[in-house]
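First comes the structure, then the notes that go with it.
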Amino acid sequence: MAAKTERKSGKKTTAARYEAVVRALLNQQQRTYTAQAGIRLRNSPTPLYQTLVLAILLSARIKADIAVAAARALFDAEMRDPRSMADASRQRRVDALGKGGYRRYDERTSTLLGRGAELVLERYGGDLRRLRDEPDPKKALLDIPGIGPTGADIFLRDVQGVWPEFAPYIDRKALEGARRLGLPASPKELGGLVQGREMPRLADGLVHAALDKPLVDEVLAAAKAA
């Protein structure tokens, strides 16, 4: 009987530890990459397209803060929707990417952004909400120039808050962060630790944890002290 009670107590302790770690992570990492890029994500064409652009930039082998700065520079240069992106000259896109510090892949990325915008216009009339009607939206994402498996993961990870059919969307990079924090390595279990509206923040925070060892140490210390 005592052993059974101890096992129940142990489960509660584990659940409480998970909750403390998640709360500490969300407190430490309050702004997602989309928010840092100035995107107010909702289920409408412009912010969905901007999230796609950010996913393309983040999926390259470049620091996340540079990708975010490049996205902001593109949007500040009035390239906020597929029509304005497609109509912009290749050099104008290159200049905006360079202003954001995105110089290593600027020429190639400029071309991909232009081609991607054209596909979004041709296939979806500029409205990515129509992507949800595809038999396999993730597979359809891969048709967009600049979007590979990593970019598709980033996009779906970000939009799960407004496209709940994809939640909980925890990709490999987010699972890596979960393991570093000692959290469950199961999307379903991780999804049970927060309310649905917090899933994008949790997934984003886990990605930050995968990329930032000092953040992991700060979160674990804060969770232990809670």
Backbone N or O of [Y] within a donor-acceptor pair of the [X] side chain at under 3.5 Å?
X	Y	result
Arg92	Ala77	yes
Arg93	Met85	yes
Arg17	Lys224	no
Ser84	Asp81	yes

Are [X] and [Y] grouped together when hydrophobic residues (ILVMFWY) are joined by side-chain heavy atoms under 4.5 angstrom apart?
X	Y	answer
Leu121	Val53	no
Tyr102	Val94	no
Met79	Leu112	no
Leu74	Leu119	yes
Ile147	Tyr105	yes

Considering non-hydrogen atoms only, spot the tightest contact between [X] and [Y] and give its length.
X	Y	result
Ala223	Ala24	N-CB, 4.0 Å
Ala67	Leu54	O-CD1, 4.1 Å
Ala178	Pro184	CB-O, 3.7 Å
Ala37	Ala71	CB-CB, 4.2 Å

Any Lys/Arg nitrogen of [X] or [Y] sitting under 4.0 Å from an Asp/Glu carboxylate oxygen of the other?
X	Y	answer
Lys99	Asp95	no
Glu78	Arg80	yes
Glu218	Lys213	no

Salt bridge (Lys or Arg N to Asp or Glu O under 4.0 Å): which pairs involve residues 107-117, sequence neighbours left out?
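Every salt bridge (Lys or Arg N to Asp or Glu O under 4.0 Å) pair that includes a residue of residues 107-117, provided the two are not neighbours, is Arg90-Glu107.
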
Taking only residues two or more places apart in sequence, or in another chain, which ones meet Asp153 in a salt bridge (charged side-chain N to carboxylate O under 4.0 Å, His left out)?
Lys138

By salt bridge (charged side-chain N to carboxylate O under 4.0 Å, His left out), which residues pair with Asp212, not counting sequence neighbours?
none

Indicate yes or no: at least one non-hydrogen side-chain atom of [X] is less than 4.5 angstrom from one of [Y].
X	Y	value
Tyr169	Val159	no
Gln30	Arg201	yes
Leu211	His208	no
Asp158	Tyr33	no

With Pro200, which residues qualify under side-chain contact (heavy atoms from CB on, under 4.5 Å), at least two apart?
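Pro200: side-chain contact (heavy atoms from CB on, under 4.5 Å) contacts with Gln160.
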
Please enumerate all residues that pass side-chain contact (heavy atoms from CB on, under 4.5 Å) together with Arg129, with sequence neighbours excluded.
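Arg129 satisfies side-chain contact (heavy atoms from CB on, under 4.5 Å) with Asn43, Pro45, Leu48, Asp127 once adjacent residues are dropped.
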
From [X] atom [atom1] to [Y] atom [atom2], the distance as rounded to the nearest 0.5 Å:
X	Y	atom1	atom2	result
Ile144	Glu118	CD1	CD	13.0 Å
Leu57	Ile66	CG	CD1	11.5 Å
Arg42	Thr51	CZ	OG1	10.5 Å
Phe155	Asp171	CZ	CG	14.0 Å
Arg157	Thr150	CZ	OG1	9.5 Å
Ile154	Leu141	CD1	CG	11.5 Å

List the steps and the verdict of salt bridge (charged side-chain N to carboxylate O under 4.0 Å, His left out) for Glu165 and Arg132.
CA-CA 9 Å; Glu165 66 268 28; Arg132 299 170 81 178; 2.8 Å; yes

Can you list the other members of the hydrophobic cluster that holds Tyr18, where links are side-chain heavy atoms under 4.5 angstrom apart?
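Val21, Val22, Leu25, Leu26, Ile170, Leu175, Leu181, Leu183, Leu190, Leu193, Val194, Met199, Leu202, Leu206, Leu215, Val216, Val219, Leu220, listed by chain and number.
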
